[in-house]
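Below is one structure, written out as structure tokens; comments come after it.
Both counts, for ligands and for their atoms, begin at 1 and track the order of listing. None of these values were measured; they are calculated from a predicted model.
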Amino acid sequence: MIDDMLRTPEAIRDAERWTAHNYHPLPVVVSSAEGSWLTDVDGRRYLDCLAGYSALNFGHRHPTLIAAAHAQLDRLTLTSRAFVHDQFADFCRELAELCRKDLVLPMNTGAEAVETGIKVARKWGYQVKGVAPGQANIVVAEGNFHGRTTTIVSFSTDEDARADFGPFTPGFTVVPYGDLAALTAAVDENTVAVLLEPIQGEQGVVVPPEGYLPGVRRVCTERNVLFIADEIQSGLGRTGDTFACDHEGVTPDMYLLGKALGGGIVPVSAVAANADVLGVLRPGQHGSTFGGNPLACAVATEVVRLLATGEFQRRSTELGARLHAGLRSLVGRGLVAVRGRGLWAGLDIDPSLMSGREACERLAERGVLAKDTHGATIRLAPPLVITEEEIDHAVAQLAAVLAG
Ligand SMILES: *Cc1c(COP(=O)(O)O)cnc(C)c1O
């Protein structure tokens, strides 16, 4: 019994001893999970209200996805793209159909999908739009989060993400998020793309003003600029639609997908676009050893099929309404603001009460796991398989934490 109680601190010490300190995890050591629930090494259970930053939209170990992974592990796991394998075509076709695009390009991580989008947009700019060599620019938004590579942090506005990682990649213009006039003014004859998150997740689940995304779509069409929507966190059911852009009836030229596409099992990302855009790539110009591997395709095809039923989008809408109603009832009782859409919420805690980190630590003590972002903000993104009772439980625990 005493041994058991010591396991958590020991495991945390070991993890800190042998890793770079590029994360500051909550003091919980997880050993198993099912659906919306995690179990730690001491047998304590926690309701997962982060879902791997939306990589676990279908919950932990969704039976359909686990079965697909097991079956594929027993047959074929990797070929590289040097050879075609039998899982590839179905995955690409079904994902393209879900996105209503001609083509997809599979990669592994979200950052790779963003890098792919940037490379494709630049090549499209030179070859199709006719931008002068080396002059292409891409318009991005303040407060963005698109990943961690050197090019991507080059246009981050978060000093922690950028400081001491230069020299930076040129060719990006940063404008305030949600400000259509500023974006319109930033587009010039060398602009090849506007790259945006339709809802800024990392920034605190920031929803742009109504009409902003349709306005961006209109400007991009008028000025012959690609609209690239980074739906890596906002997409695949999280907001109550397949894509966050759907809420405003907007179709971007390119979707960047990741996180939930891998079913919480393997890293799978993808770019989806029409042939006049993705068709600019020729053999040898872009690729990835693991991108589109058989295991990834087998799992991700089942992810696409789960989404094609519409069930998860529906759950996100209905349960999201319940979550947001519960959270709104806490505004003025420890919360100062609640934002979001579907089963996705950014909460600003009254900073005189406690930090976001402290709130998450206290929530963890009460068996609910969430993640702070930027000071007094907490992000909630539970698995879309969460139940009404579990949502009420999470809101009740938050209320108790805020009541001190
Ligand atoms: C997580 C995320 C990324 C980066 O994905 P990784 O798999 O961590 O590289 C890019 N864009 C958005 C909007 C994200 O939320």
Side-chain angles (χ1 to χ4, degrees), residues 20 22-23 25 50-57 105-121 138 140-158 160-162 165 169 172 174 177-178 193-208 213 216 227-239 242-245 252 254-272 288 290-293 296 299-300 303 339-346 370-374 377-381:
N22 59 329
Y23 278 90
L50 181 64
Y53 301 91
S54 290
L56 288 152
N57 278 3
L105 194 169
M107 297 291 283
N108 310 284
T109 65
E112 287 177 306
V114 176
E115 291 276 352
T116 302
I118 291 167
K119 287 175 70 177
V120 168
I138 294 176
V140 298
E142 273 173 26
N144 70 72
F145 182 84
H146 297 287
R148 301 292 196 177
T149 66
T150 40
T151 285
I152 293 170
V153 300
S154 294
F155 56 87
S156 170
T157 55
D158 175 355
D160 279 343
R162 271 171 65 89
F165 296 127
T169 306
F172 298 94
V174 184
Y177 187 66
V194 171
L195 167 61
L196 294 175
E197 298 154 86
I199 293 177
Q200 287 189 329
E202 201 69 21
Q203 186 62 16
V205 194
V206 175
V207 182
L213 297 174
V216 173
F227 183 0
I228 306 177
D230 181 345
E231 294 252 19
I232 289 166
Q233 194 167 160
S234 59
L236 308 185
R238 174 53 58 192
T239 65
T242 303
F243 303 108
C245 284
M254 204 189 285
Y255 288 109
L256 309 180
L257 303 174
K259 292 204 163 99
L261 191 55
I265 300 175
V266 276
V268 185
S269 68
V271 170
S288 158
F290 289 93
N293 70 73
V299 171
V303 165
R339 295 171 298 275
R341 201 159 242 168
L343 275 173
W344 205 19
K371 178 71 176 76
D372 56 302
T373 177
H374 303 286
T377 300
I378 297 183
R379 172 181 19 191
L380 298 181

Using a 3.5 Å cut-off on N/O to N/O, what pairs does ligand 1 make with the protein? A line per pair would be great.
unit_1, atom_1, unit_2, atom_2, d
ligand 1, 7 (O), Gly110, N, 2.8
ligand 1, 9 (O), Gly110, N, 3.4
ligand 1, 9 (O), Ala111, N, 2.8
ligand 1, 11 (N), Phe145, O, 3.4
ligand 1, 11 (N), Asp230, OD1, 3.4
ligand 1, 11 (N), Asp230, OD2, 2.7
ligand 1, 15 (O), Gln233, NE2, 2.7
ligand 1, 15 (O), Lys259, NZ, 2.6

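- In this structure, a donor-acceptor pair under 3.5 Å is present between the side chains of Asn108 and Ser288.
- Within 6.0 Å of the CZ atom in Arg162, the count of heavy atoms belonging to other residues, nucleotides or ligands exceeds 12.
- Here Phe145 pairs with nothing under the ring pair (Phe, Tyr, Trp, His ring centres under 6.0 Å) rule; sequence neighbours left out.
- Counting only residues at least two apart or on different chains, the salt bridge (Lys or Arg N to Asp or Glu O under 4.0 Å) pairs with a member in residues 195-207 are Glu202-Arg379.
- Closest approach of Asp230 and Leu195 over heavy atoms only: CB-CD1, 4.3 Å.
- By the ring pair (Phe, Tyr, Trp, His ring centres under 6.0 Å) test, Phe172 is found to be paired with Phe155, residues two or more places apart in sequence or in another chain being considered.
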